[in-house]
Amino acid sequence: MSSTDMNTTATTPFRQIGKGFCGSVWAPDRPGPASAMKREDGGPLRSVAKDSTRHITIERSLKDAQGRLNLAQRLNMPQHRELIRGDDSEWWRLRSARFPPTYQPCNTLITERILPLERSARDKLVDLFCPARSRATIKTSRKDEDCLIRPYLGRRRANFCCPSPFFTLRNKPLLVHQLDGMGLPIDEYAGVMADTIAILYWHARSDANDVEFVLAPPRSGEEEDAFQSEVLGAHRLWLLDFDCVNHITLDDAGIEQAARAFFRNDPFYPRPDWEHETDRRLWEVFSRRFLESSTVILGDARLARIMLDRLEELGEERRQNRLDLQAVDEMEKLAV
Ligand SMILES: Nc1ncnc2c1ncn2[C@@H]1O[C@H](COP(=O)(O)OP(=O)(O)O)[C@@H](O)[C@H]1O
Ligand SMILES: [Mg+2]
């Protein structure tokens, strides 16, 4: 753990930097490398203890695959630091006052903080994507300083004309056509994601359910081996959020479980069911790389092929459902 921000004598207040179903995420209110604290103060069925165990397993798999197998370069995971129990009275006695008064001790997972994008990148994103009337507000809002980008390679909006009035830079999704339009290396992101799920499935034996990817700055010392972009600056892909990840067996049942999670997840991965030329190409890049990295991990591509076949089948079902919905839409229009 960092000796500067979580030690017993530090007094910097904690500020909320994120929120999910599991609870709220906090960090010392100051710039620079720090720890993040995920508090178990959200939905009753979520557990940061489970998050912690899965995080450790996946971090170990990722280190092994990156070091020994040369996979998923340019992917980072926040370093796991400590799981604090709500009844750890000594830890809370020394730190409770750094949370706002209504926040009681609870189970809390401490990991490395993923640092937000720098101001110059944030300002450029606001100029590109935020409605003009909100730009000045967002540029000066504290909350929007905690800016991480969610790269949605599996989503595109055909007529992207009306940006949402509820613009925020927190967990800002960028859709595949926006990423592409900014000249970001979507093929390379797809390759890293393919390596990552191959590692999560075959090495960590998990279904990768509900994990998140964000684009964020590299750690100090990683700048040379990072993605470069005029808008975002140097960045890496980061993987986070493991509390919904489940164990799988390496057989048909495990593959079914992982394939369903693939489509249930936020649309980070390229999808097999889109007609746009770029999306088809991206699916090719992703699936080819998935076969390669799976072979590196397992010695052959047998399970990876079964997985891809299943993803393509489920994709086809989704496409058919979309077409059916469109047909109903058309009929309703004609009936009016
Ligand atoms: N280590 C971290 N560094 C920076 N931000 C984080 C970190 N962990 C979580 N966050 C932020 O908090 C949000 C919620 O955390 P997450 O782990 O996804 O919780 P949940 O399981 O409730 O979805 C994330 O989407 C992200 O924006
Ligand atoms: Mg989450």
Side-chain angles (χ1 to χ4, degrees), residues 1-60 62-63 76-119 122 140-148 168-171 210-212 214 216-222 236 238-245:
M1 188 184 303
S2 154
S3 60
T4 51
D5 62 12
M6 298 298 293
N7 64 16
T8 52
T9 54
T11 53
T12 318
F14 297 140
R15 195 168 68 84
Q16 191 172 327
I17 59 164
K19 191 158 176 56
F21 284 109
C22 209
S24 51
V25 180
W26 299 72
D29 192 4
R30 58 163 187 74
S35 292
M37 288 157 285
K38 181 170 175 175
R39 290 172 52 100
E40 191 179 275
D41 54 12
L45 298 175
R46 311 294 282 266
S47 153
V48 293
K50 179 178 172 195
D51 202 329
S52 171
T53 316
R54 301 288 189 268
H55 191 123
I56 291 169
T57 308
I58 292 171
E59 196 174 353
R60 199 176 295 143
L62 184 68
K63 274 209 183 110
N76 286 358
M77 249 182 90
Q79 186 190 43
H80 182 282
R81 294 191 171 160
E82 206 175 353
L83 177 66
I84 305 296
R85 299 280 169 184
D87 62 6
D88 183 342
S89 47
E90 184 59 9
W91 195 90
W92 287 101
R93 188 177 64 76
L94 295 165
R95 295 173 188 80
S96 277
R98 298 171 67 186
F99 287 101
T102 50
Y103 284 81
Q104 301 303 317
C106 63
N107 295 341
T108 296
L109 174 61
I110 306 182
T111 61
E112 168 189 7
R113 180 177 187 187
I114 305 169
L115 293 183
L117 290 173
E118 304 267 345
R119 167 163 294 279
R122 299 198 305 265
T140 51
S141 126
R142 275 311 299 282
K143 191 170 172 243
D144 290 280
E145 287 177 17
D146 308 313
C147 170
L148 304 173
T168 174
L169 286 174
R170 263 204 186 174
N171 275 348
D210 229 20
V211 297
E212 293 177 33
V214 294
R219 296 185 181 105
S220 156
E222 291 175 347
R236 282 206 176 205
W238 290 76
L239 178 71
L240 69 153
D241 195 1
F242 307 101
D243 73 291
C244 292
V245 169

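Throughout, residue positions are numbered sequentially from 1 according to the sequence presented.
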Distance-only donor-acceptor check, side chains E222 and N76, under 3.5 Å: yes
NE2 on H55 to NZ on K38, rounded to 0.5 Å: 10.0 Å
V211: which of V245, D241, D243 passes side-chain contact (heavy atoms from CB on, under 4.5 Å): V245
Note, S24 side chain near Y103 side chain (heavy atom, < 4.5 Å): yes
Residues D51, R46: salt bridge by 4.0 Å N-O rule: no
Shortest non-hydrogen separation from I110 to M37 and the atoms involved: CG1-CG, 4.0 Å
Evaluation steps, side chain to side chain donor-acceptor pair (under 3.5 Å), between S35 and R81: CA-CA 8 Å; S35 292; R81 294 191 171 160; 2.9 Å; yes
Spatial distance of atom CG (L109) from atom CD (E40) [nearest 0.5 Å]: 10.0 Å
Salt bridge (charged side-chain N to carboxylate O under 4.0 Å, His left out) partners of residues 9-20, not counting sequence neighbours, each pair once: R15-D29, R15-D146
Heavy-atom closest pair, residues R113 and A27: CD-CB, 3.9 Å
Where N171 and V214 come nearest, the two heavy atoms and their spacing: OD1-CG1, 4.4 Å
More than 12 heavy atoms of other groups within 6.0 Å of E145 CD: yes
Which atom of R122 lies closest to which atom of C147, heavy atoms considered: CD-CB, 3.6 Å
Full working for side-chain contact (heavy atoms from CB on, under 4.5 Å) between R39 and F99: CA-CA 11 Å; R39 290 172 52 100; F99 287 101; 3.7 Å; yes
